[in-house]
**Student:** 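Here it is, the structure, as structure tokens.
Each chain gets a letter, A, B and so on, in the order the sequences are listed, and its residues count up from 1.
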2 protein chains.
Amino acid sequence: MDRPPIWLRPERAARGPRPAHSRDEIAAAAVRVADAEGLAAVSMRRVATELGTGTTSLYRYVDGKDELFDLMVDRAMGDGRPPVPTGNWRVDLAAVAHAQRAIMLRHPWLVRLPATRPVLGPNTLAWLEATYAAVDVPGLDADEVLAQAATLLTFVRGHALEELTEREAGSTMADWLTKQSQRYAEQVIGSGVYPHLSRMMIEAETPHAADRFDRLFARSLEHVLTGLAAGRG
Amino acid sequence: MDRPPIWLRPERAARGPRPAHSRDEIAAAAVRVADAEGLAAVSMRRVATELGTGTTSLYRYVDGKDELFDLMVDRAMGDGRPPVPTGNWRVDLAAVAHAQRAIMLRHPWLVRLPATRPVLGPNTLAWLEATYAAVDVPGLDADEVLAQAATLLTFVRGHALEELTEREAGSTMADWLTKQSQRYAEQVIGSGVYPHLSRMMIEAETPHAADRFDRLFARSLEHVLTGLAAGRG
DNA sequence: AGTTTACTGCGCACGCTGTTCGCAGTACGG
DNA sequence: CCGTACTGCGAACAGCGTGCGCAGTAAACT
């Protein structure tokens, strides 16, 4: 039986007893676990326990773990509200980008979710809407709007993923190479096979700065926005 | 005991019997399974069976499943070679972007891997090197090189993720909304809460084109490259 | 050459996972 | 007030990652 996506199913059935929990309650519990102990700690049993309910009761609310993830994503996306538009597209897009990045940094598991299908919950749609709104101006055709929005969101997500990966690896890749396994760094540099990579490892200052990720993000974001500017009138 | 990363450990020990398999053999087997049956099918047992060996023998080669993933990533990255430089940074960067995207589309599981730490295998480093090489010119400071390379790679990965997600969801999000659950689409459009999103769903042509992803990628890539151009002399 | 040493292959076992099934209890529609 | 469509959930199943310990083997040292 092909059940419709969760966003189409009514939260409360017409007949039968009142469900003991709401979807948002479930999502909140799962997000709480993921935030505190990582995505791996989010199991059906664990979330059920967190709610004080039986494990298999969860399946009354959710079609399987994938749908639980869907709920989590949309809940996390509701953690911040899209910024109010100023009318200046560049300012608005930058605001969206920073706000999205903030959400992803606050919920590190978010960018690591399998992502096997688009999540179309209300909060996710709201962000999509805000992004389109910032990009959209009369005269710009819809395809260009799609492309620009995709460019930005895609960039933010990719950056957040890379950032979190490096953050959690304990430090910068350069640091990782030089400190935690200096021999490997020496090998890489000494091999002469990676001259440009070597130059980065030696010369770059950003990797050593405390706020490196913030600065790198801001800098890269400027690049992207400048690129987008060229695609508009 | 804190074992060093796999790239630092010798493949063959000084003493003891000759290992029955090579790392690359193992990586190839795992990649084969993932390509054919998806990431979920890649289990230690399954890969071991594929190699005709005992399950726990794998742990002689690999510290755990995470390291198996590391091997898979680097193997996949070796599936294509970085394009030969032309000297024109924009052409070279575009070539890197397209080649990277091709790899990710060929191995859909690649962008879905947990990515809890950077992979530093030889093939991955080669791609990093190629990217830096394309961006790097005398006079450009190392931080700017890092930022530009990060922008590009990050964008490519993010785009590939989104693309694969939508591809595997069966169709475009717009299609998904309108076909597979028309009621939801009507609800979304009819609610009036998402005006710009609605306009995209109605007006955009790209979502209906067969080569939509190729065109969207090319278009977005141009935006990014244009943005990068501004950061150079 | 013989002994020591450090490895390899791997069966067993443990605790955990997602999910199916079936049954008892409940609240609403007619 | 009954039938019906739901809810909660315990039991069970197949599969997972992985630690442990033991037998076998090849290189190093004496």
**Student:** When you compare the side chain of B/E50 with that of B/E25, does any pair of heavy atoms fall below 4.5 Å?
**Tutor:**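 Of all side-chain heavy-atom pairs linking B/E50 with B/E25, none is under 4.5 Å.
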**Student:** Considering every strand and a 4.0 Å limit on heavy-atom distances, what is the contact class for A/R12: base, sugar-phosphate, or nothing?
**Tutor:**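 Counting heavy atoms under 4.0 Å across all strands, the contact made by A/R12 is with sugar-phosphate only.
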**Student:** CD of A/E11 versus P of D/dT7: gap in Å, rounded?
**Tutor:**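 About 11 Å, once rounded to whole Å.
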**Student:** Counting only side-chain N and O atoms of A/T53, is one of them less than 4.0 Å from OP1 or OP2 of D/dG8?
**Tutor:**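 The answer is no; no side-chain N or O of A/T53 sits under 4.0 Å from OP1 or OP2.
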**Student:** Between B/G16 and A/G16, just flag the one whose closest nucleotide in DNA chain D comes earlier from the 5' side.
**Tutor:**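 This one resolves to A/G16.
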**Student:** Report yes if some heavy atom in the side chain of B/L71 is under 4.5 Å from a heavy atom in the side chain of B/W7; otherwise report no.
**Tutor:**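 Yes, at least one pair of side-chain atoms sits under 4.5 Å.
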**Student:** Taking donor-acceptor contacts at under 3.5 Å, does the side chain of B/R45 reach the base of D/dG17?
**Tutor:**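 Checked by distance alone, the answer is yes.
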**Student:** Which residue lies toward the 5' end of DNA chain C, B/H21 or A/T55, if each is placed at its nearest nucleotide?
**Tutor:**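 It is B/H21 whose nearest nucleotide is closer to the 5' end.
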**Student:** Ignoring backbone atoms, test whether A/Y61 places a side-chain nitrogen or oxygen under 4.0 Å from the OP1 or OP2 oxygen of D/dG8.
**Tutor:**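 Yes, within the criterion.
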**Student:** Could you tell me how far apart B/R46 (CZ) and D/dC16 (P) are, to the nearest whole angstrom?
**Tutor:**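 Distance check: B/R46 CZ to D/dC16 P gives 9 Å.
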**Student:** Using a cut-off of 4.0 Å on non-hydrogen atoms, how would the nucleic acid contact of B/S43 be classed: base, sugar-phosphate, or nothing?
**Tutor:**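 Sugar-phosphate, no base atom in range.
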**Student:** Grab the NZ-C1' distance between B/K65 and D/dC16 for me, whole Å please.
**Tutor:**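 Interatomic distance, NZ of B/K65 to C1' of D/dC16: 8 Å.
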**Student:** Round to a whole Å and report the spacing from CG of B/L39 to P of D/dG15.
**Tutor:**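 From B/L39 CG to D/dG15 P: 18 Å.
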**Student:** Check the distance between D/dA5's C1' and A/R18's CZ and give it to me in whole angstrom.
**Tutor:**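 Interatomic distance, CZ of A/R18 to C1' of D/dA5: 17 Å.
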**Student:** Over how many whole Å does the gap from A/Y59 atom OH to D/dA12 atom C1' extend?
**Tutor:**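 A/Y59 atom OH is separated from D/dA12 atom C1' by 14 Å.
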**Student:** Quick one: B/M44 CE to D/dG19 C1', roughly how many Å, whole number?
**Tutor:**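 So the two atoms are 13 Å apart, to the nearest Å.
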**Student:** Has B/T56 got a side-chain N or O lying under 4.0 Å from the OP1 or OP2 atom of D/dT18?
**Tutor:**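 Result: no.
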**Student:** Quick one: the side chain of A/R15 and the base of C/dG29, do they pair up donor-acceptor inside 3.5 Å?
**Tutor:**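 Checked by distance alone, the answer is no.
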**Student:** Tell me the interatomic distance from B/R9, atom CZ, to C/dT8, atom P, rounded to whole angstroms.
**Tutor:**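 It is 11 Å, rounded to the nearest whole Å.
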**Student:** Distance to the ring centre below 6.0 angstrom and angle to the axis at most 45 degrees; does that hold for A/R101 and A/F217?
**Tutor:**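 Geometry flag: set, cation within 6.0 Å and 45°.
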**Student:** Taking only side-chain N and O atoms of A/S57, does any of them lie within less than 4.0 angstrom of OP1 or OP2 on D/dG8?
**Tutor:**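 Looking at the OP1 and OP2 atoms of D/dG8, neither is under 4.0 Å from any side-chain N or O of A/S57.
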**Student:** Measure the shortest side-chain to side-chain distance between A/E11 and A/S22 over non-hydrogen atoms and say whether it is less than 4.5 angstrom.
**Tutor:**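 Heavy-atom side-chain distance check passes, below 4.5 Å.
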**Student:** With the side chain counted from C-beta on, respond yes when A/T154 and B/F155 share a heavy-atom pair under 4.5 Å apart, and no when they do not.
**Tutor:**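 Yes, side chains in contact.
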**Student:** Of the nucleotides D/dT7, D/dT18, C/dT8, which one has an atom closest to the side chain of A/A13?
**Tutor:**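 Out of D/dT7, D/dT18, C/dT8, the nucleotide with an atom closest to A/A13's side chain is D/dT7.
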**Student:** Where the side chain of B/P19 is defined as all heavy atoms beyond and including C-beta, which of D/dG8, C/dT8, C/dA27 is the nearest nucleotide?
**Tutor:**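 It is C/dT8.
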